[in-house]
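Below you'll find the structure, written out as structure tokens, and then a few comments.
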Amino acid sequence: MTNPHPLSTDALGDADYDALDQILDDLRTRLDEVPQWEFCEGFMAALICCRRAIPPEEYFGALLSDPDTGTFGPHLFASSEQHDQFLRLWQRRWAEVQAALDAPVESLDDERCYAPEVVDLRGAVASMTEAERAEMAEQLGGEALPSFAQVWALGFMYAVETWPEEWQPPRDKEAAGWVEDAMERIVALTEDDEGEPTVRMFGDDSPPSVSQERLNAYGDAIWAVYDLRDTWKHVGPRVETVRKAQEPGRNDPCWCGSGKKYKKCHGA
């Protein structure tokens, strides 16, 4: 699968994310279990720092595919133009995230630092009018709103669970410790924020919706992505163990099916 248009490295803006949301909403009318963009963000980050470079045909098949054929392609979209637009935006964001994860940043405040496109849904809903909150509650049907960055972490871990062999700790004990620690920090974000909300994500006039502990855990998870990217680049791709098949005994039948003894055939 190739992108029909040259890859742009321009950062995505609000209009681009709105376009992605609209495309995913449209796909949701025809396909089951189409994720939100925040889930895709986490999934993409995991792919970029994965030990193996997983090709688009493989990862799109796991993320967005026809339930009947298990394939991804233009036939899933409303038009070929919509399909091409999705790929352009996906690859632009990919290039942006990869550049951020390869940048030598030392602070989360660095403008080059990786910043996932995450939404504080609890804060957004709390800032709505009473009528808007009632409408949202009806749409959710009693389902709880996710915590800040929880959907991003679930998307990341979905990629890990889809290709578990690529995330096995390396043989080197120190590197294995780095991987395990980083994974624990990301897994922590898949859990609910049970701390007291004290952080106002939508300005001083908005209600608090995120705990300080959660915000700290979010920062730890960002550094965990950097650690995974650096570790796998240092360790290198996984090497498959090649095992030589056991050679038959000299008086055993030859493996080729000739009916002769091995010593009289291929063992001669």
Side-chain angles (χ1 to χ4, degrees), residues 11-14 16-18 20-21 24-25 33-50 59 63 89-90 93-94 96-101 103 105-128 136 140 143-162 167 178-203 206-230:
L12 267 62
D14 291 342
D16 296 315
Y17 288 115
D18 287 343
L20 284 167
D21 287 336
L24 293 175
D25 286 343
E33 300 181 359
V34 173
Q36 299 293 329
W37 178 254
E38 183 175 329
F39 187 96
C40 296
E41 275 275 325
F43 183 78
M44 179 186 291
L47 291 171
I48 290 173
C49 63
C50 182
Y59 66 68
L63 184 67
L89 293 172
W90 177 277
R93 180 56 179 161
W94 182 290
E96 187 180 359
V97 172
Q98 183 168 278
L101 293 178
V105 299
E106 297 183 359
S107 168
L108 295 179
D109 294 329
D110 192 318
E111 62 181 9
R112 300 170 299 172
C113 186
Y114 170 50
E117 184 67 13
V118 297
V119 179
D120 175 26
L121 284 177
R122 294 183 180 181
V125 171
S127 301
M128 292 178 176
M136 176 65 72
L140 291 171
E143 184 178 347
L145 290 170
S147 298
F148 176 67
Q150 186 174 20
V151 175
W152 172 87
L154 290 170
F156 193 104
M157 293 308 301
Y158 177 68
V160 175
E161 292 162 3
T162 303
W167 298 89
W178 296 337
V179 171
E180 291 172 356
D181 176 67
M183 295 304 300
E184 286 176 1
R185 284 181 276 158
I186 294 172
V187 168
L189 274 194
T190 66
E191 303 295 334
D192 191 28
D193 179 7
E194 298 180 348
E196 180 185 355
T198 57
V199 182
R200 304 173 189 271
M201 302 293 283
F202 289 87
S206 65
S209 55
V210 178
S211 71
Q212 185 60 51
E213 294 82 4
R214 184 69 173 192
L215 211 56
N216 293 341
Y218 173 67
D220 289 342
I222 299 302
W223 287 127
V225 178
Y226 275 95
D227 290 343
L228 288 169
R229 174 78 169 161
D230 291 343

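Numbers here simply count residues along the sequence, with the first being 1.
- Side chains of Leu20 and Leu12 form a contact here, defined as non-hydrogen atoms less than 4.5 Å apart.
- Residues in residues 39-50 take part in these salt bridge (Lys or Arg N to Asp or Glu O under 4.0 Å) pairs, two or more places apart or across chains: Glu41-Arg93.
- Using modelled atom types, one side-chain atom of Asp16 and one backbone atom of Gly13 make a donor-acceptor pair closer than 3.5 Å.
- Rounded to the nearest 0.5 Å, atoms OH (Tyr158) and CG (Leu63) are 7.0 Å apart.
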What's the verdict on side-chain contact (heavy atoms from CB on, under 4.5 Å) for Phe39 and Leu24, showing C-alpha distance, side-chain angles and the deciding distance?
CA-CA 11 Å; Phe39 187 96; Leu24 293 175; over 6 Å; no
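- Contact annotation: the side chain of Ile186 approaches that of Val225 to within less than 4.5 Å [non-hydrogen atoms, C-beta and beyond].
- Taking all atoms of both residues into account, the shortest heavy-atom contact from Trp167 to Ala159 is NE1-O, 4.0 Å.
- If you take SG on Cys40 and CH2 on Trp90, they are separated by 5.5 Å, rounding to the nearest 0.5 Å.
- With sequence neighbours excluded, no residue forms a side chain to side chain donor-acceptor pair (under 3.5 Å) with Gln150.
- Contact annotation: the side chain of Gln98 approaches that of Arg229 to within less than 4.5 Å [non-hydrogen atoms, C-beta and beyond].
- In this structure, Asp192 contributes its side chain and Glu194 its backbone to no donor-acceptor pair below 3.5 Å.
- Here the shortest heavy-atom pairing between Cys113 and Ala100 reads C-CB, 4.1 Å.
- The ring-ring contact (aromatic ring centres under 6.0 Å, His included) search around Phe148 returns Tyr218, not counting sequence neighbours.
- Side-chain atoms of Glu117 do not come within 3.5 Å of backbone N or O of Tyr17 as any donor-acceptor pair.
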CA sep, side-chain torsions, deciding dist, call: Leu47, Trp94, side-chain contact (heavy atoms from CB on, under 4.5 Å):
CA-CA 10 Å; Leu47 291 171; Trp94 182 290; 3.7 Å; yes
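- Between Val187 and Met157 the shortest side-chain heavy-atom distance falls below 4.5 Å.
- Counting heavy atoms from C-beta outward, Arg185 and Asp227 have side chains that approach closer than 4.5 Å.
- Closest non-hydrogen pair, Phe202 versus Asp120, comes out as CE1-O, 3.5 Å.
- The two residues Ser127 and Gly123 make their nearest non-hydrogen contact at OG-O, 2.9 Å.
- Residues Trp223 and Val105 meet the side-chain proximity criterion, which asks for heavy atoms closer than 4.5 Å.
- To the nearest 0.5 Å, atoms SG (Cys49) and OH (Tyr114) are separated by 8.5 Å.
- When all heavy atoms of Glu213 and Gly195 are compared, the closest pair comes out as OE1-CA, 4.4 Å.
- For the atom pair CD (Glu38) and CG (Leu121), the distance works out to 7.0 Å, reported to the nearest 0.5 Å.
- With rounding to the nearest 0.5 Å, the separation of CZ in Arg200 from OG1 in Thr198 is 9.0 Å.
- Remark: Arg122 does not engage Asp193 in a salt bridge, criterion side-chain N to carboxylate O under 4.0 Å.
- Atom CZ of residue Arg214 and atom CG of residue Leu189 lie 5.0 Å apart, to the nearest 0.5 angstrom.
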